[in-house]
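Down below is the structure, laid out as structure tokens.
Not measured: the values here are computed from a predicted model. Both counts, for ligands and for their atoms, begin at 1 and track the order of listing.
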Amino acid sequence: MTETVLLVGGGGREHAVARAVAAADADLYACAGNRNPGIARLADGFESLDATNPTAVTSYAREVDATLAAIGPEAALAAGVADALDDAGIYAFGPREAEARIETDKAFQRRFMRKHDIPGCPDFETFEDMDAAAEHVDEYDGHLAIKPAGLTGGKGVRVTGDQTTKAEAKEYVRESEYERIVLEERLVGEEFTVQALVANGDVRVTPAVQDHKRAYEGDEGPNTGGMGSYSDATLELPFMDEEEYMDAVDVLEATVDALEGYKGVLYGQFMLTAEGIKVVEFNARFGDPEAMNTLPVLNTDFLDVLMAAREGDSLPQLSFVPRATVCKYAVPDGYPTDPEAGAEVTVDEASAAASAEGSDGEGLLFYASVDEREDGVYTTTSRSFAVAGTADTISVAEETAEDALEAAGDGVRIRHDIGKPDLVRQRIDHMAELRGE
Ligand code: AMP
Ligand code: GLY
């Protein structure tokens, strides 16, 4: 029987999932609030609907006779879309609302780590009274991260001693209308992501990726959803060793054990500090951009993972092409504070692939928040599209991504420094300095 997979979500991450599903022998249908032209071309059907509406998603899944579903965005998980699909008899690869709290409620997440003795938990306290929280900022001996408990698209966190002074942080806490907030010790080091495919108690990990959250080159400016990311041809990254990667895997395994019955992607965001790895956060889905690094080098059939998950079987071991990847987002001018929509997107999938010809790299285009009109594809106010280069080394993968981005026209901005040898070297030097080497 041919499987029919419903993909929920229309960003760059979901375009990567769509490619992985389309590479297998499956019928693909997709639904999202925005029409992603890349996904629409791969799918047999694309429905524009509110991906956070469980009833709408489930009725589309029934209409297309879906036998499996893959859920991309956290907002859909938080809204109970996986619960609704599961309850309708359509296996959703994505956690139910209660398990997704590991991402959607940062206060729950920290308490959960403490309760189950998950390694890598920073010192933290949670607050509902913002005046008490502001007082804690004052009294705390050291720098802090201030984190709203709910979802903020990666944009709600403030870190003192980094972007913010303690006085500004107090003001932020007092003036915010957040109901609950987590205050935790500031972690200093290099951040990295490890994503795992999880079901039936199995945890299948993927190579480490480093995202770049700051809007501008040199890690300046406000936080964004992620401007770009790279991975190496090995499981670890150049600034860490294999043992540190395995420490991250241990955290993911301990978390899955404690969560019981978790299914979908578990994403660990780690800080490699001078004292070892600490957990910055968990997400209950693939990272965006990280999915665009990971899925193109996944050798194992993604559909086999989904089917084994549904059947209650052991998940297949994952294998990866030993290639480095560099992914860069093109975002509208002014993003994230004053984004200007409406620029024409002048790169397409064929031009990205063609730009890598003659080199040993491969270029892939992923559409994100764009608007496809009769006369072309245009930017909106969110991240527009990404290009991923894959090659034997990070530096060639970076050059490949840049070659593909040469055709990007006006009206978009790119962090050209991501994956360049200089910035990768800075990460290595930063860790060496913290370790006192
Ligand atoms: P989040 O919304 O949890 O992804 O946080 C956004 C960003 O804030 C992270 O990627 C980190 O760069 C930063 N951050 C979060 N928690 C901490 C912490 N305890 N120490 C330092 N930076 C942090
Ligand atoms: N790249 C960060 C995230 O997906 O949350």
**Prompt:** Mind checking whether E281 has an N or O less than 3.5 Å away from an N or O of ligand 2?
**Reply:** no
**Test of proximity, Q269 against ligand 1: N or O pairs below 3.5 Å** = no
**Request:** May I ask you to check if ligand 2 and R13 share an N or O to N or O distance below 3.5 Å?
**Result:** no
**Prompt:** With distance as the sole criterion, is a donor-acceptor pair present between the side chains of E290 and T193 under 3.5 Å?
**Reply:** yes
**Asked** With ring centroids as reference points, do F385 and Y367 lie under 6.0 angstrom apart?
**Response** no
**Prompt:** By number and element, which atoms of ligand 2 are closer than 4.0 Å to a non-hydrogen atom of G287?
**Reply:** 4 (O)
**Message:** Quick check for you: to the nearest 0.5 Å, what is the distance between L266 atom CG and I102 atom CD1?
**Reply:** 7.0 Å
**E190 side chain to H430 side chain, donor-acceptor N/O pair below 3.5 angstrom** = yes
**Atoms in ligand 1 flagged as close to V159, the criterion being non-hydrogen separation under 4.0 Å** = 22 (N), 23 (C)
**Fill in**
Under 4.0 Å from one or more heavy atoms of A145, ligand 1 contributes atoms 16 (N), 17 (C), 18 (C), 19 (N)
**Prompt:** Do Q210 and Y230 have side-chain N/O donor and acceptor atoms under 3.5 Å apart?
**Reply:** yes
**Where ligand 1 meets E184 - atom numbers and elements under 4.0 angstrom, heavy-atom basis** = 16 (N), 17 (C), 18 (C), 19 (N)
**Asked** Have Y172 and Y178 got a donor and an acceptor in their side chains that come within less than 3.5 Å?
**Response** yes
**Asked** If you measure from each non-hydrogen atom of T193 to ligand 2, which part falls under 4.0 Å: side chain, backbone, both or neither?
**Response** neither
**Prompt:** If you measure from each heavy atom of G225 to ligand 2, is any distance below 4.0 Å?
**Reply:** yes
**Prompt:** How about S229 and D211: does a side-chain donor come under 3.5 Å of a side-chain acceptor?
**Reply:** no
**Message:** Give the atom numbers and elements of ligand 2 that come within less than 4.0 Å of a heavy atom of D211.
**Reply:** 1 (N), 2 (C)
**Asked** So, T126 and R111: side-chain donor and acceptor under 3.5 Å apart, yes or no?
**Response** yes
**Request:** Quick one: do D257 and Y262 satisfy side chain to side chain donor-acceptor pair (under 3.5 Å)? Show the steps, please.
**Result:** CA-CA 9 Å; D257 274 352; Y262 187 90; over 6 Å; no
**Request:** Find all atoms of ligand 1 within a distance of less than 4.0 Å from any non-hydrogen atom belonging to K147, and give their numbers and elements.
**Result:** 3 (O), 15 (C), 16 (N)
**Message:** If we check side chain to side chain donor-acceptor pair (under 3.5 Å) with K328, which of these qualifies: E402, H416, H212?
**Reply:** E402
**Request:** With heavy atoms only and a cut-off of under 4.0 Å, state how L187 meets ligand 1: side chain, backbone, both or neither.
**Result:** both
**Complete:** With heavy atoms and a 4.0 Å threshold, my read on which part of E185 contacts ligand 1 is backbone
**Message:** In this structure, does ligand 1 have an atom that sits under 4.0 Å from one of the heavy atoms of K278?
**Reply:** no
**Asked** In ligand 1, which numbered atoms sit nearer than 4.0 Å to a non-hydrogen atom of K213?
**Response** 4 (O), 10 (O)
**Message:** On a heavy-atom basis, I'd like to know which of Q269, R285, K213, E74 is closest to atom 3 (C) of ligand 2.
**Reply:** R285
**Request:** Determine whether any heavy atom of G226 lies closer than 4.0 Å to an atom of ligand 2.
**Result:** no
**Prompt:** What residue and heavy atom of the protein are closest to atom 2 (C) of ligand 2, and at what distance?
**Reply:** Y267 OH, 3.4 Å
**Prompt:** Among V249, L318, V198, L197, which residue meets the side-chain contact (heavy atoms from CB on, under 4.5 Å) test with V205?
**Reply:** V249
**Prompt:** For ligand 1, which atoms, with element, lie under 4.0 Å from some heavy atom of E281?
**Reply:** 1 (P), 3 (O), 4 (O)
**Item:** Full working for salt bridge (Lys or Arg N to Asp or Glu O under 4.0 Å) between D83 and R96
**Value:** CA-CA 5 Å; D83 309 53; R96 296 173 73 91; 3.7 Å; yes
